[in-house]
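Take a look at the structure below.
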Number of protein chains: 2
Amino acid sequence: MVERSVRNITDRFRQSGRKVTPQRVAVFEALCEGGGHPTVDQIYREVRQRFPMISLNTVYQTMEALVDLKVVSPVGHSLEAARYETDPAPHHHTVCIACKRITDVFDAALGRVKLPRAVKDRFQVVGHRVEFYGYCADCRSPGATNR
Amino acid sequence: MVERSVRNITDRFRQSGRKVTPQRVAVFEALCEGGGHPTVDQIYREVRQRFPMISLNTVYQTMEALVDLKVVSPVGHSLEAARYETDPAPHHHTVCIACKRITDVFDAALGRVKLPRAVKDRFQVVGHRVEFYGYCADCRSPGATNR
DNA sequence: ATACTAATTGATAATAATTCTTGTTTAGCT
DNA sequence: AGCTAAACAAGAATTATTATCAATTAGTAT
Ligand SMILES: [Mn+2]
Ligand SMILES: [Mn+2]
Ligand SMILES: [Zn+2]
Ligand SMILES: [Zn+2]
């Protein structure tokens with residue numbers, strides 16, 4: 001099964017005009033093995049067991065390629081600076097992928113989102129956040145449709 | 001009105017056993033003036049117009065105090081390393097405040113969350129994310145109740 | 001009003017995650 | 001086998017954040 005996946009990945013790398021290297025395959029395999037939501041550093045440590053010479057830079061670049069190929073996607077918006085909420089009223093946000101602008105969304109329905117019972121039993125909820133990500137009016141890409 | 005707010009803040013600082021300093025008041029005022037979801041750097045630039053000697057460190061510490069007093073709250077989970085999603089199926093997450101563990105939540109209802117029409121008209125939605133934050137079973141604080 | 005003391009400040013160094021630079025190697029093609 | 005653009009490793013640079021520490025100061029007790 002991992003065999004099949006690796007084959008898929010190498011094809012997708014080549015089809016996108018990228019070279020297939022042992023380092024890239026190793027990063028992908030580490031990705032499959034490592035649990036759910038790895039950090040770059042976790043992947044790096046994993047890969048280094050078999051490729052002690054691999055550089056952190058290569059892992060970063062490979063992850064960038066994998067994001068581009070939509071094999072993985074970033075969770076949360078990490079690399080940015082911390083931002084602070086000044087409005088104490090419960091509300092949610094739209095986050096523009098392009099300009100990072102965060103806009104408030106007040107909508108009672110979003111506040112009623114609930115964790116499924118089964119999960120709630122083992123997770124103590126302090127709050128929740130709904131974030132819509134996409135493009136704001138200023139950054140909307142020229143030919144894009146808005147639906 | 002800003003007068004009133006400043007008074008409130010100075011009281012809350014003192015009531016929590018913290019000292020009120022001109023720097024702290026200035027950070028709070030910058031917070032009120034600056035738009036919606038400022039970064040530390042934006043606040044720093046703003047405050048420096050009146051207090052050119054203030055250090056970035058002081059702004060960080062003041063923000064930490066304001067978070068503690070629940071005057072502001074961090075948006076997103078920034079300071080951590082980037083994490084990557086390996087499961088392409090649409091789903092959502094619980095994020096443990098303590099150990100940062102991210103766990104998948106599959107629930108069709110969460111996928112049906114919709115932006116209000118009025119907002120949708122000016123924001124091109126690419127996707128949305130529902131994150132429940134709180135404490136996982138391992139990190140649940142001793143006396144806390146789970147509801 | 002003055003003095004005391006612990007909290008706070010500013011300057012600076014240290015960390016941590018990420019990106020950039022550069023010289024060397026190599027995958028894929030001819 | 002040879003060519004070349006892509007990718008590599010090593011390490012410097014950048015950016016956000018936190019830690020250290022001597023000097024200052026807010027709040028309190030004289
Ligand atoms: Mn907001
Ligand atoms: Mn997930
Ligand atoms: Zn935008
Ligand atoms: Zn936890």
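Heavy-atom basis, side chains included; hydrogens, waters and symmetry copies ignored.
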Check whether any side-chain nitrogen or oxygen of A/Thr58 sits under 4.0 Å from OP1 or OP2 of D/dA9, and answer yes or no. yes
Nearest-Å distance, CD (B/Gln61) to P (D/dT17)? 14 Å
State whether the side chain of B/Arg48 and the backbone N or O of B/Leu56 hold a donor-acceptor pair below 3.5 Å, judged by distance alone. no
Where the side chain of A/Ser55 is defined as all heavy atoms beyond and including C-beta, which of D/dA9, D/dA16, C/dT18 is the nearest nucleotide? D/dA9
Rounded to the nearest Å, what distance is computed from the OH atom of residue A/Tyr44 to the C1' atom of nucleotide D/dA10? 10 Å
Please state whether the phosphate of C/dT9, meaning OP1 or OP2, lies under 4.0 angstrom from any side-chain nitrogen or oxygen of B/Thr21. yes
So, is B/Gln23 close to the C/dG10 phosphate, meaning a side-chain N or O under 4.0 Å from OP1 or OP2? yes
In whole angstroms, the gap separating P of C/dA16 from CD of A/Gln42 amounts to 16 Å
A/Tyr60 OH - D/dC8 C1' separation (whole Å): 17 Å
Nearest-angstrom distance from the residue atom CG of B/Leu56 to C1' of C/dA14: 15 Å
In whole angstroms, the gap separating C1' of C/dT9 from NZ of B/Lys19 amounts to 11 Å
Checking side-chain polar atoms at under 3.5 Å, does A/Asp104 have a donor or acceptor matched by the opposite partner on A/His92? no
Test log, rule side-chain hydrogen bond (donor to acceptor under 3.5 Å, both in side chains), inputs A/His91 and A/Asp107: CA-CA 7 Å; A/His91 64 277; A/Asp107 181 24; over 6 Å; no
Between the CD1 atom in A/Ile54 and the CD atom in A/Glu46, the distance rounded to the nearest 0.5 Å is 11.5 Å
Start at the 5' end of DNA chain D and walk down; is the nucleotide closest to B/Glu64 or to B/Val20 reached first? B/Glu64
When you check the gap from the basic side-chain N to the acidic O, do A/Asp41 and A/Arg45 get nearer than 4.0 Å? yes
Heavy atoms under 4.0 Å, any strand shown: does A/Ile54 hit a base, just sugar-phosphate, or nothing? sugar-phosphate
Considering heavy-atom distances to DNA chain D, does B/Val40 or B/Arg14 have its closest nucleotide positioned more toward the 5' end? B/Val40
Can you tell me the distance, in whole Å, between the CZ atom of B/Arg24 and the P atom of C/dG10? 11 Å
For B/Leu66 and C/dT8, what is the distance between atoms CG and P respectively, to the nearest whole Å? 12 Å
Between C/dT8 and B/Arg18, is there an OP1 or OP2 to side-chain N/O distance shorter than 4.0 Å? no
Give the nucleotide from the list D/dT20, C/dT9, D/dT18 with an atom nearest to the side chain of B/Asn57. D/dT20
For the side chain of B/Met53, starting at C-beta, report the closest nucleotide among C/dT8, C/dT18, C/dA11. C/dA11
